[in-house]
Colleague: 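I have a structure here, written as C-alpha cells, and I will follow up with some questions on it.
Here is how names work: the chains are called A, B, and so on, in the same order as the sequence lines, proteins then strands, and each is numbered from 1.
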Amino acid sequence: MSKKILPKRVDMPEQRPKERVKNFEEVALGYSETQALKEASRCLQCAKPRCVKGCPVRINIPGFIKCILNHDFKTAIKIIKKSNYLPAICGRVCPQELQCEKNCVLGRKYEPVAIGRLERFVADYNRSREYKVKKKVKLNGKKVAIVGSGPSGLTAAAYLASYGYKVTIFEALHEPGGVLVYGIPEFRLPKEIVRKEIEYIKNLGVEIKLDVLVGKTLSLKELFEMGYSAIFVGTGAGLPKFLNIPGENLNNIYSGNEFLFRINLMKSYKFPEYDTPIKIGKKLAVIGGGNVAIDCARCAVRMGAEVSLIYRRTEKEMPARSEEIEHAKDEGIKIFELVSPIKFIGDEKGNVKKIMCVKMKLGERDISGRRKPEVIEGSEFTIDIDTVVIAIGQSPNPLLLETTPELRVTNAGTIIVDENGETSIRGVFAGGDIVTGTATVIQAIGAGKKAAYAIHQYLREVGDV
Amino acid sequence: MYKVVANSELAPGYKLVKIHAPLVAAKIQPGQFFVLRIDEKGERIPMSIFEFDRKRGYIETVVHEVGKTTKKLASLEVGDGIMNIIGPLGKPSEIRRYGHVVCICREGTVGAIHPIARSLKRAGNKVTIIVGARSKEYVFLLDKLKKISDEVIVATDDGSMGRKGYAVSALRDFLKSNKVDLILSIGPTLLMKTASKIAKEHGAKAISSLGAIMLDGTGMCGACRVTVGGETKFACVHGPEFDGYKVDFDELKRRQKMYVEEEKIALKEYERLL
C-alpha cells in the first residue's frame, strides 16, 4: 500500500450536548458523502476479513465498503441487505466496538474503521433516495406466522417472504417494531427510520396484524388451523425485573420498560398533547448500567430532570454501548459507581423521596467474567430524589407459555430450541430474547435469519414446499 | 379500526358502548378485560366487559365518564372508530361451585360483575348481587342482573331506592341471616377492602378484581403492580382477580392516584378544546 493510512476515524457530526438535552431529535447526525468516502478509504480490504467474523449476521463488510469507494451506493445496500434487512437500525444501535470493529486489523495500531457509521450512511443514503424492492418473489402458496414484530420477527418475516412464503406478523402493541419503537428512544433511533425499514419489509409482501396477543387473542394451535404451516415466536423479553427491596411499589418508581414505553411509544414527553402522562420531577435516579438504563437517564435529562445513574459495579463493567455512556456523561448525567440501593423511602402520600444505598467494592470474578460487587458494611447513605427508574433487566413474558404448556422452557422461562431454532412443538420455531434472555438487536436479527432458513428447510422436508 | 355499533346512556356520566371487535368477542371469558386506545394521541386504558356476542363479534362495556379518555369514549357515535383494541387480557375468573356467592359492586362496576355472576350462577351457585349507588338514577342494568341471579339488593347513599346506606352495610346485614361462601367484589378500592374484611370476619372466601393503572396490559411495564400476600404481582397478567384477604388495598388506592394532577390537566385541556 502506497497510501498513508489515516490513524483516526472520521468524526461523525453530532448535536451539541447543550442543545440536544432540550430535544428528542437524533444526537448522531451521520456522515456526509465526503466523510463516508474518506472513512471508507481507511479500509484495508483484507483478503481474509476478520471484521465479518465479528458480525453476528456476517455482512460482507469489505464488499460494501468497496462499493462506497466506487460511489456505487446501490450495490452497497444490496450487499448489506443480503445479510441484514435492518441496516439503518443496526448502524445506529449495534455495539460495533464489541463486534466487527473489535476485529478490524487497523484497530491493532490505530482506530478501527467506523463500520457502523458506514453501514448507517449506506442505509440512510438509499432510504432518502427511495430505494425500492424491484420485483416481488413468486409465492409458493405456503403461509408462515410470525409472533412479534421486533428485530427477530421482522428479519424472519423478510427472509421468509424472499423465499416465497406468504408471511403474517402478529403484534400485540399498536405499532410494529417491538423494542425498536417502545424501547429505544427517538434521539438514538428515530421512529421514522424504523417505520421506513418496516415499510420496506411490508413491500416484500409481509402483512402485519396489530392488536393480536398470541397466547390470548389467538393460540398457536389456532394459527396452525388458520393455515399457517410454521410459526416463528419472537416475543422478546417481557416482565421487568425489580430489586425486591422495601418501598419498591411507592409512587413514582418505574421499571425501565414502563418509563421508555410511556416516552417512546406513548409520547409522554408531549403530554398533554398526547394523553399518556409521566412523572419526572426535579431529581431522578436510574438504577442499572445497561442500554435501557442509559436510555432512561438520557430521556429524563431531556425532560428537565437532574439525573443520577446508580450502578453497583464500575463504569468499566457497564453493559451499555460505550458511545452512549459517553453521550450520557456529556449530557450531564452523574454516574454513581459501586452503589447499590437497599430501600426506598416515601412521604405520607406514598411518593418516593429518598433512596437508601450502600457502597460496594469489587470482589472475585463471577460466571459472567465480571468482578462481583460486594457490600461495604456500614456504608449506608441516602440520596434525595422525586422519581426512580429501575432498569435492571427483564424476565421472559410467561403469557404464551401459560397457554401453550407443550412449549418446553428453561427454569428461567426462556424457550428451549434446538440448533435450528425449533422448539419442542413441531413446526414452531423461536428466536431473540425469548430464547436467549436479554440480548442485542443484532443477535435477535441473527436468530430471525437463522430461523427463517430453518423454517424453509423444515417445510421442504415435510413436503409442504 | 373497531367500530362503535351502539352507544346508549345508562345514567348521568355512564354509557353502555357496543363495539365490533370480533377477535376479543370470540375469546373473552368472564373476569378478563381488554385495553383500548381511541386515536393516535390517545392513552391505553383497560376496560371491563359487560357482555359479548361471539357470533356477531360484539363486545359491550360500561363507560364511566371520569377523565378525558372515558369522556371521549362516551362521546363516540355509532359508526365512529376506535383505533386499537387488544384482548382478552388477564386471567379468567375461577368459575366453579362455591355454594352461595355474593357479588358486590357500585354503579358502573355492575358491568364487570354481570358476566362473572352469570357464569357463577350457571355453575350451580346461589348468586346474590348487592349494588350500591349514590341515588336511584345511578342504579342501572338492574333487569339484566335480576335475570342472572337469585336476588339483587340495592343500596343507595340517599335512600332514594332500595335501602339507605352503602353496599357494604347491606352486605353486613345480609350476612346476619345468610351463610355465604364467597364474596366477590368489583368496585371502588374502599368497597373491595371493606367487603374483603367482612368476608374474612364471616369465614367466606374473598375475591376482588383490581382496577390498577395499566399501560400495555400484557405484562411488559409493571405499572399495575400490586402487593398480594407480601409479594409483588402484576394485575394484568397475574390478575386482575386476587384473594381479597391478601391484597394491600391501601397501596392500590395510593397507586391509583398517581396521576390525579395530570388527569385534571388533560381533562381541562380537552374540555377547553370542545
Colleague: Is it the case that atom NZ in B/Lys197 sees more than 12 heavy atoms from other parts of the structure closer than 6.0 Å?
Modeller: no

Colleague: If you define the side chain from C-beta out and look only at heavy atoms, does anything of A/Arg262 sit under 4.5 Å from B/Leu215?
Modeller: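 The answer is yes; the side chains approach within 4.5 Å.
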
Colleague: Is the closest side-chain heavy-atom distance between A/Ile253 and B/Arg225 below 4.5 Å?
Modeller: yes

Colleague: Is any side-chain heavy atom of B/Glu263 closer than 4.5 Å to one of A/Pro277?
Modeller: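 Not in contact.
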
Colleague: Over all heavy atoms of both residues, which pair between B/Cys221 and A/Ser255 is shortest? Give the atoms and the distance, please.
Modeller: O-OG, 2.6 Å

Colleague: Taking the side chain as every heavy atom from C-beta outward, state whether A/Lys279 and B/Glu262 have any atom pair closer than 4.5 Å.
Modeller: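 Heavy-atom side-chain distance check passes, below 4.5 Å.
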
Colleague: Give, as side chain, backbone, both or neither, the part of A/Leu250 having an atom under 4.5 angstrom from any heavy atom of chain B.
Modeller: both

Colleague: For chain B, which candidate among A/Leu260, A/Asn252, A/Val212 shows the most heavy-atom pairs at distances under 4.5 Å?
Modeller: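 Result: the option with the highest number of such pairs is A/Asn252.
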
Colleague: Given heavy-atom pairs under 4.5 angstrom as the criterion, report whether the side chain, backbone, both or neither of A/Leu218 touches chain B.
Modeller: both

Colleague: With a 4.5 Å heavy-atom cut-off, do B/Arg254 and A/Asn351 have their side chains touching?
Modeller: no

Colleague: Quick check for you: to the nearest 0.5 Å, what is the distance between B/Ile28 atom CD1 and A/Thr217 atom OG1?
Modeller: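 Interatomic distance, B/Ile28 CD1 to A/Thr217 OG1, rounded to 0.5 Å: 9.5 Å.
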
Colleague: Heavy atoms only, distances under 4.5 angstrom: which of B/Ala21, B/Gly222, B/Pro88 has the most pairs with chain A? Name it, please.
Modeller: B/Pro88

Colleague: Is there side-chain contact between B/Tyr2 and A/Asp211, with heavy atoms separated by less than 4.5 Å?
Modeller: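 B/Tyr2 reaches A/Asp211 side chain to side chain.
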
Colleague: Examine whether an atom of A/Leu399 lies under 4.5 Å from a heavy atom of chain B, and if so say whether it belongs to the side chain, the backbone or both; otherwise answer neither.
Modeller: side chain

Colleague: How many angstroms lie between atom CG of B/Asp216 and atom NE2 of A/His174, to the nearest 0.5 angstrom?
Modeller: 10.5 Å

Colleague: Taking the side chain as every heavy atom from C-beta outward, state whether A/Asn251 and B/Arg255 have any atom pair closer than 4.5 Å.
Modeller: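 Side-chain contact under 4.5 Å: yes.
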
Colleague: I want to check something: taking the side chain as every heavy atom from C-beta on, are A/Lys270 and B/Lys41 in contact at a cut-off of under 4.5 Å?
Modeller: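 Contact flag for A/Lys270/B/Lys41 side chains = no.
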
Colleague: Highest number of heavy-atom pairs under 4.5 Å with chain A: which of B/Gly67, B/Gly42, B/Ala266?
Modeller: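 Maximum pair count with chain A is reached by B/Gly42.
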
Colleague: Which atoms form the tightest heavy-atom contact between A/Lys216 and B/Gln32, and what is the distance?
Modeller: NZ-NE2, 4.0 Å

Colleague: Please check if the number of heavy atoms outside B/Arg96 that lie under 6.0 Å from its CZ is greater than 12.
Modeller: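 Yes - once you tally the heavy atoms of other residues, nucleotides and ligands closer than 6.0 Å, there are more than 12.
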
Colleague: Quick one: what part of B/Glu231 sits under 4.5 Å from any heavy atom of chain A, side chain, backbone, both or neither?
Modeller: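 Nothing of B/Glu231, per the 4.5 Å heavy-atom cut-off to chain A.
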
Colleague: If I take atom CG from residue A/Asn257 and atom CE from residue B/Met220, how far apart are they, to the nearest 0.5 angstrom?
Modeller: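 Taking CG in A/Asn257 and CE in B/Met220, the distance rounds to 5.0 Å.
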
Colleague: Can you establish whether the number of heavy atoms outside B/Lys246 located under 6.0 Å from its atom NZ is more than 12?
Modeller: no

Colleague: Let me know if A/Phe271 has heavy atoms under 4.5 Å from chain B in its side chain, its backbone, both or neither.
Modeller: side chain

Colleague: Going from CZ on B/Phe234 to CZ on A/Phe242, what distance comes out if it is rounded to the nearest 0.5 angstrom?
Modeller: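 Rounded to the nearest 0.5 Å, the CZ-CZ separation comes out at 5.0 Å.
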
Colleague: Contact part of A/Gln394 toward chain B, heavy-atom cut-off under 4.5 Å: side chain, backbone, both or neither?
Modeller: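 Neither part; nothing is under 4.5 Å.
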
Colleague: Under a 4.5 Å heavy-atom cut-off, does chain A meet the side chain of B/Leu36, its backbone, both or neither?
Modeller: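 For B/Leu36, neither part sits under 4.5 Å from chain A.
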
Colleague: Please determine which of B/Lys68, B/Arg44, B/Arg37, B/Lys71 meets the salt bridge (charged side-chain N to carboxylate O under 4.0 Å, His left out) test together with A/Asp275.
Modeller: B/Lys68

Colleague: Please rank A/Lys349, A/Lys267, A/Glu273 by heavy-atom pairs under 4.5 Å with chain B and give me the top one.
Modeller: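 With the most close heavy-atom pairs to chain B, the winner is A/Glu273.
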
Colleague: Can you confirm whether more than 12 heavy atoms, excluding those of A/Lys191, are under 6.0 Å from its NZ atom?
Modeller: yes

Colleague: Shortest non-hydrogen contact from A/Pro240 to B/Gly219?
Modeller: CD-O, 3.6 Å

Colleague: When heavy-atom pairs shorter than 4.5 Å are enumerated against chain B, which of A/Asn249, A/Thr276, A/Leu239, A/Leu213 gives the highest number?
Modeller: A/Asn249

Colleague: Let's test your reading of the structure: which of B/Asp248, B/Thr227, B/Thr218 forms the most heavy-atom pairs below 4.5 Å with chain A?
Modeller: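 Between B/Asp248, B/Thr227, B/Thr218, the count favours B/Thr218.
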
Colleague: Is it the case that more than 12 heavy atoms not belonging to A/Lys143 sit under 6.0 Å from its NZ atom?
Modeller: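 Atom NZ in A/Lys143 is packed in, count exceeds 12.
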
Colleague: Is atom CD of B/Glu261 surrounded by more than 12 heavy atoms (other residues, nucleotides or ligands) closer than 6.0 Å?
Modeller: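 Count not over threshold, so no.
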
Colleague: Under the salt bridge (charged side-chain N to carboxylate O under 4.0 Å, His left out) criterion, do B/Lys27 and A/Glu222 qualify, and how do the steps go?
Modeller: CA-CA 12 Å; B/Lys27 275 286 178 68; A/Glu222 281 167 309; 2.5 Å; yes

